[in-house]
Amino acid sequence: MSSITITLPDGSQQQVPSGSKPIDIARSISPRLAEDAVVARVNGNLYDLTRPLEGDAGLQILTSKNPEALEVYRHSTAHLLAAAVLELYPDTKLGVGPPIETGFYYDFQRDTPFAPEELEKIEARMWEIQARDLPYERVMTKKSEGLPKYASEGAWMKCELIEEKAEEVFSEYTLGPHFIDFCRGPHVPSTKRIKAFKLLMVSGSYWKGNEKNARLQRIHGTAFFSKKDLEAYLTQVEEAKKRDHRKLGQELDLISIQELAGPGLIFWHPKGALIRKIMEDWMREQYLARGYSLVYTPHIGRKQLWQTSGHADFYADSMFTPMELDDAEYRLKPMNCPFHILIYKDRLRSYRELPVRLGELGTVYRYERSGTMHGLMRVRGFTQDDAHIFCRPDQIEDEIVSCLQFALDVLSAFGFTQYEAELSTWDGGASGKYDGSPEQWGMAETALHKAIERLSMNAKVMTDEAAFYGPKIDVKLVDAIGRKWQLSTVQFDFTLPRRFDLEYIAEDGKAHQPLMCHRALYGSVERFFGILIEHYAGAFPVWLAPVQAIVLPITDRHAEYAMKVKNQLAAAGLRVEVDATNEKVNAKIRTAQMQKVPFMLVVGDREAENGTVSLRNRRHGDQGAKPVDEVLAAILKLTTDRTPYE
RNA sequence: GCCGGAGUAGCUCAAGUGGAAGAGCGCCGCUCUCGUAAAGCGGAGGUCGGGGUUUCGAAUAUCCCCUCUGGCUCCA
């Protein structure tokens, strides 16, 4: 038997017989490693631990510490799920079953949907199969043999996958004598390796994610290497649910959605409205400080406007239906851009006045399909902090840099340190689905790349994800339940300047077309607020808190002094209340804590006599007696400094 | 829009084989005058999401609709 050379990550080399398996080599290094091993990386590709090595190879053994190993492990758990479902419901057809960020799922086609109670039964069967310690065996099959086999079983989804993806000889993985699945792998060696999983929910899906295709049943689950990790994850999910903005929005009396008025329409209650006002005021100040002009534009516009902008053709599905008036047909605006463009176009522009930056907190209405609304995050009426920048080509890079810097400043003002940025580019023009010339795309994408570099941002490049009218950079944040939401966006637009025939007079005395960029930083005030509620778990920092301090008189004998303290703080511009209810101070504290008021000022005989308050911080508890002036100054400072956390 | 699940007092939730609708919190009133996360007593409050059908009788069975919710699709 010939021997092959295996190079390990530390550079050391071993001569082993050809056909040796990664698990053998792991075992030769240490039995412990062999036990912890999940999967191998061979010349950069993931391999089963039991897959024979045919030639010289760089080999890395991945253990449970490796994120890719967790994906493999979850993928194997998905197979375990499929095997259990087939044992219990043999007529079920298999779709796909990949690992995802939070676990895994498998799509099934079956006449009757899985009832939630059935999950327990399936999970129990999974444990039975797990206990059988079945190996995940890789089998190589010729397409000409495999396809008829799947076809004869009626596994039509697998047939489609094989037609589309499989090489002439493809891999399948078995699990016991009856289960075999077309799959690229790799997998863990056997079911015994799977120690901790839980099926979480069942939901609908579509074959290949297309709603025109067959409806499938998706079973979601999660899996971890240890029961402890699984428990920790489940606890974390429970904790996250407590900060769901919909729950806190109600508990803190911030917002509501009224069935009588319609779904996806937000009512801002006094406390929510106050926070919104602060957010908006801050944003407007920033606009003015950064060279934007503020404008206001109407909520509706004539049909002809939307025809000119192209929305009537390309965006009609997302627009509210038209309103007939005596003179014309009007439509509610789904975007602000056409209106800002009309302001730009209202007179001739000189190159000297560019860039023109027109900003507005503009409320737009979009028809969202009924199943897609989600609290504040996805609604039918929302306000964008929207601006459109019209500039010369030589200005565009600096403009993009300042937009992105602005976006980062917004994030840091609210204490966000975790975000994801994506740079969406076109496909190079191959498909013809993008508007604009290759020169325009080249220039715009270069400007975006350069801007990212200049700010040393990390942005994932998403090829073929651009808007049809231009490339863009998006910033996304994650909500309490782990879902990603887009906030800031900076987008080029090659289309609207052309459609509206925008111009400026350049140094050469001739008319040129300006470049245009859309940008929104909160994205939607509603969504950003939803993210903020969850980010702070309802405990807004002092500068945003609707009630910054509450004075708690111990008995009604102290109410007068409490009012005096309140008035003193309020005179300095602070938002203060007095809890004059006929309750014990403990109850007042509890109420204030639950309302997440940053500061509680307890006042009784001692305080009234000394001109002090007994300060309680919502996070750190009793801080002892302090002069009113001192407390006032401290709260005022947190407010004016806009400290993201106190 | 699609596939599941749900809708009972302001909130969180019980009960109910079809036969007068319940609790806790909250709210209102009274008593207590209280020192860092819930004082006591009393009271008000419900077309059981809306509409139809079956029935002597429907919160309960059944059909349609609405809204919420978990996904899918789509998106700020």
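So that the names make sense, note that chain A is the first sequence line, chain B the second, and so on, each numbered from 1.
Scored by the salt bridge (charged side-chain N to carboxylate O under 4.0 Å, His left out) test, A:Glu609 finds no partners at all (sequence neighbours excluded). Residues that satisfy the side-chain contact (heavy atoms from CB on, under 4.5 Å) test with A:Ala451, not counting sequence neighbours, are A:Ile400, A:Val401, A:Leu404. In this structure, A:Glu560 has no side-chain contact (heavy atoms from CB on, under 4.5 Å) partners at least two apart in sequence or on a different chain. Legend: residues meeting salt bridge (charged side-chain N to carboxylate O under 4.0 Å, His left out) with A:Asp244, ordered by chain and number and at least two apart, are A:Arg246. By the side-chain contact (heavy atoms from CB on, under 4.5 Å) test, A:Pro263 is found to be paired with A:Met373, A:Arg380, residues two or more places apart in sequence or in another chain being considered. For A:Lys564, the salt bridge (charged side-chain N to carboxylate O under 4.0 Å, His left out) test picks out no residue, with sequence neighbours left out.
Distance CG (A:Leu200) to P (B:G5): 18 Å, rounded to an integer number of Å. B:C34 atom P lies 17 Å from atom CG of A:Asp579, rounded to whole Å. The distance from atom NZ of A:Lys588 to atom P of B:A38 is 14 Å, rounded to the nearest whole Å. For the pair A:Leu260 CG and B:C68 C1', the interatomic distance rounds to 16 Å; values are reported in whole Å. One interatomic measurement links the two molecules: CZ of A:Arg618 to P of B:A37, which rounds to 17 Å at whole-angstrom precision. In this structure, A:Gln258 atom CD and B:C68 atom P are separated by 11 Å, rounded to whole Å. Between the CG atom of A:Asp107 and the C1' atom of B:G4 there is a distance of 14 Å, rounded to whole Å.
Here the separation of B:C25 from B:G43, taken at their P atoms, is 14 Å to the nearest Å. Straight-line distance between the P atoms of B:C2 and B:G10: roughly 31 Å, to the nearest whole Å.
Sorted by first and then second residue, the salt bridge (charged side-chain N to carboxylate O under 4.0 Å, His left out) pairs with a member in residues 585-608 of chain A read A:Arg557-A:Asp605; sequence neighbours excluded.
Each of B:U67, B:G35, B:U33 was ranked by its minimum atom distance to the side chain of A:Glu607; first place goes to B:G35. With B:G1, B:C3, B:A38 as the choices, the nucleotide that has an atom nearest any side-chain atom of A:Arg590 turns out to be B:A38.
In this structure B:G7 sits in a base pair with B:C66, meeting the Watson-Crick or G-U test at under 3.5 Å. Remark: B:A39 base-pairs with B:U31; criterion is Watson-Crick or G-U wobble with both hydrogen-bond distances under 3.5 Å. Under the Watson-Crick or G-U wobble criterion, with both distances below 3.5 Å, B:A15 is left unpaired in every strand shown.
Taking a 4.0 Å limit (strictly below) on heavy-atom distances, residues 550-563 of chain A reaches RNA chain B at A:Ile554, A:Thr555, A:Asp556, A:Arg557.
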Quick one, give me the B/S/- string for nucleotides 69-76 of chain B, reading 5' to 3', where B means a protein heavy atom under 4.0 Å from the base and S means that only happens at the primed atoms, P, OP1 or OP2.
-> SBBBBBBB
Counting primed atoms, P, OP1 and OP2 as sugar-phosphate and everything else as base, the B/S/- map of nucleotides 24-29 of chain B against protein heavy atoms under 4.0 Å is ------
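Looking only at atom types and distance, the side chain of A:Tyr469 has a donor-acceptor partner in the side chain of A:Gln491 under 3.5 Å away. Using modelled atom types and a 3.5 Å distance limit, the side chains of A:Thr581 and A:Asp579 yield a donor-acceptor pair.
Residues A:Glu120 and A:Arg125 are not paired through a salt bridge, judged by the lack of any N-O separation under 4.0 Å between the basic side chain and the carboxylate.
Residue contacts shown for A:Ala587 are limited to sugar-phosphate atoms, with no base heavy atom under 4.0 Å away.
Among A:Leu376, A:Thr383, A:Ile533, A:Val410, the one residue that satisfies the side chain to side chain contact (heavy atoms under 4.5 Å, CB included) test with A:Phe528 is A:Val410.
Note: A:Phe414 and A:Trp282 have perpendicular aromatic rings, judged against thresholds of 30 and 60 degrees for the angle between ring planes.
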Contact list (N/O, under 3.5 angstrom) for nucleotides 7-12 of chain B vs protein:
from, atom 1, to, atom 2, distance (Å)
B:C11, O3', A:Gln250, OE1, 3.3

Taking N or O atoms only and anything under 3.5 Å, show me the protein contacts with nucleotides 40-44 of chain B, one pair per line.
none

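The aromatic ring centroids of A:Phe108 and A:Phe114 lie less than 6.0 Å from each other.
The residue among A:Val585 and A:Gly264 whose nearest nucleotide of RNA chain B lies closer to the 5′ end is A:Val585.
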